[in-house]
There are 2 protein chains.
Amino acid sequence: MLTPAPTTAADARPSIRLLLADDHRMLREGLRHSLTELGFTVVAEARNGAEAVELASSTKPDIIVLDVTMPELDGVEAARQIRATNAEVGIVMLTMHADQDVLTEAIRAGANGYLVKDCSMDEIAAAIDAVALGETALSPGLAASMLAEVRRQDGSNQPSRVITAREEEVLQLIADGCSTPEVAEQLFISQKTVKNHLASIYQKLDARDRTQAVLQAVRMGIVKLS
Amino acid sequence: MLTPAPTTAADARPSIRLLLADDHRMLREGLRHSLTELGFTVVAEARNGAEAVELASSTKPDIIVLDVTMPELDGVEAARQIRATNAEVGIVMLTMHADQDVLTEAIRAGANGYLVKDCSMDEIAAAIDAVALGETALSPGLAASMLAEVRRQDGSNQPSRVITAREEEVLQLIADGCSTPEVAEQLFISQKTVKNHLASIYQKLDARDRTQAVLQAVRMGIVKLS
DNA sequence: CCGTGTTTGGTCCGTTCGGCCCATGCAGTT
DNA sequence: AACTGCATGGGCCGAACGGACCAAACACGG
């Protein structure tokens, strides 16, 4: 199609094979276009996490570029599943917002890179190159907060752990519009227990009321807004 | 930079001058790349609504591609301001989610096109061409719901009206984690007034508490989650 | 077997929230 | 001039909420 653009480092990329996964075709096409021109080879594209998992095993790419927020299966969980069956593949996560907790989860899920979408194609290319060489690439600014997170974990406390299954049920019902008495009724438990779960949730999500908890949960992809 | 790619309909576009506005550089670059290659001329790029308004008046583009969710000034309000000073320019809105209310607001603000980001570059190009010719372009599926909306308006009721500026301030502060007393302090008004605004918001958004109101506002793009 | 975490439940207390009534003033519009 | 919408307030009340304690039952891994 195109005559290879005279890019600086394009020749230094020995046809790194990429799998792109994002639910927005516009972004997929933009990525494919620019990255192809920068010397990469896009072997497949996925519209959601489930497709990404399938295509990862069928096309065996070198690097997988995964959007965090995707239908069917979110990027973090997709990364976890891909990493479970393929320890060598490089995983670069893309996200809209620089969320500390999601970043932590993504790294824990086996991601090698984590970039906010507000970065240039050159930065993505550099990140892919770095990951291909076995390094870890983070968006500017995220590295600092990542270190802060590690330091915090080294400290003593565990401010953000994972929400339990029951707590997630409570959260989802709250997000769906239920009050505490209604959640209790739905789950066949007492109001007090619901309040206990909520108190636990507030601690884990660093929230002080249900509104903030639900918003944080939405940000983290724990609950879906109906 | 690039030799113009031998694209099919590129010659049929007499260098339509574009202004791109999106807060995510990745998407901006992808759009600029692909649209330039498709024969358009990108004269400027904006990172937020305020920049878009400025650049619209200084660079006088033919078509403005506006993301709905942007910092500083959201796309809908930016469209309104641009339309107020320039009646001829074509405005194409881009959005992540196909939200009915936002679509209605965008059209009312003077947008000529409304596309979800899950569409191909060719579809965007086609929409820009259509808008350049004075037509209105909507994403597939949105046209139908648009008609449904018009039909609903023809009916009789007005289930969801618009949130006022003051109400939006209150909503945003609530979403940012403020309680009623804190919102009152921030806005230098009494708690009672905040509660009055909230009551009005509940009616308009069909919510019964602040949690649901904020969630609905997030869905509708009224407030941004920080 | 003991510790940890999860889920279930309790009491008490002060604050917040949302609904209900109401009023005043200030802009536009008709 | 009258009407409508918006923003600003008041008081009252019952329900809901969140915190500060606590405790029992169960499962799971070391």
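No hydrogens, no waters, no symmetry mates; every other heavy atom, side chains included, goes into these values. Below, chain A is the first sequence line, B the second, and so on; all start at residue 1.
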inquiry  = Looking at every heavy atom in both Leu73(A) and Ala78(A), which two are closest together, and how far apart are they?
reply    =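 Heavy atoms of Leu73(A) and Ala78(A) come nearest at CD2-CA, 3.9 Å.
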message = Looking at every non-hydrogen atom in both residues, tell me the closest pair between Arg28(B) and Arg47(B) and how far apart they are.
response =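 Looks like NH1-CG, 3.5 Å.
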[N] phosphate, OP1 or OP2: any side-chain N/O from [X] under 4.0 angstrom?
{"X": "Arg210(B)", "N": "dT16(C)", "answer": "no"}
{"X": "His197(B)", "N": "dT8(D)", "answer": "yes"}
{"X": "Arg208(B)", "N": "dG19(C)", "answer": "no"}
{"X": "Thr164(A)", "N": "dT7(C)", "answer": "yes"}

Specify the separation, in whole Å, of atom [atom1] of [X] and atom [atom2] of [N].
{"X": "Ile174(B)", "N": "dT16(C)", "atom1": "CD1", "atom2": "P", "value": "12 Å"}
{"X": "Leu205(A)", "N": "dG18(D)", "atom1": "CG", "atom2": "C1'", "value": "15 Å"}
{"X": "Glu168(A)", "N": "dT7(C)", "atom1": "CD", "atom2": "C1'", "value": "16 Å"}
{"X": "Asn196(B)", "N": "dC12(D)", "atom1": "CG", "atom2": "P", "value": "16 Å"}
{"X": "Ile163(B)", "N": "dC6(D)", "atom1": "CD1", "atom2": "P", "value": "10 Å"}
{"X": "Glu167(A)", "N": "dT6(C)", "atom1": "CD", "atom2": "P", "value": "7 Å"}
{"X": "Leu198(A)", "N": "dG19(D)", "atom1": "CG", "atom2": "C1'", "value": "13 Å"}
{"X": "Gln203(B)", "N": "dG5(D)", "atom1": "CD", "atom2": "P", "value": "12 Å"}

query = Among Gln172(A), Lys204(A), His197(A), which one satisfies side-chain hydrogen bond (donor to acceptor under 3.5 Å, both in side chains) with Glu167(A)?
reply =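 Exactly one candidate clears the test, Lys204(A).
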inquiry  = Measuring only between side-chain heavy atoms, which start at C-beta, is Val65(A) closer than 4.5 Å to Ile124(A)?
reply    =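 Contact flag for Val65(A)/Ile124(A) side chains = no.
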query = How about His24(B) and Asp118(A): do any of their side-chain heavy atoms sit closer than 4.5 Å?
reply =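 They are in side-chain contact.
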ask   = What are the residues of residues 177-194 of chain B, sorted by number, that bring a heavy atom to within less than 4.0 Å of DNA chain D?
value =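 Residues of residues 177-194 of chain B under 4.0 Å from DNA chain D: Ile189(B), Ser190(B), Lys192(B), Thr193(B).
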message = As an exercise, state the distance from CD of Glu77(A) to CE of Met70(A), rounded to the nearest 0.5 Å.
response =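 Going from the CD atom of Glu77(A) to the CE atom of Met70(A) covers 11.0 Å.
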ask   = So Thr180(A) and Arg210(A), side chain to side chain donor-acceptor pair (under 3.5 Å) or not? Walk me through it.
value = CA-CA 10 Å; Thr180(A) 296; Arg210(A) 56 191 63 223; 2.7 Å; yes
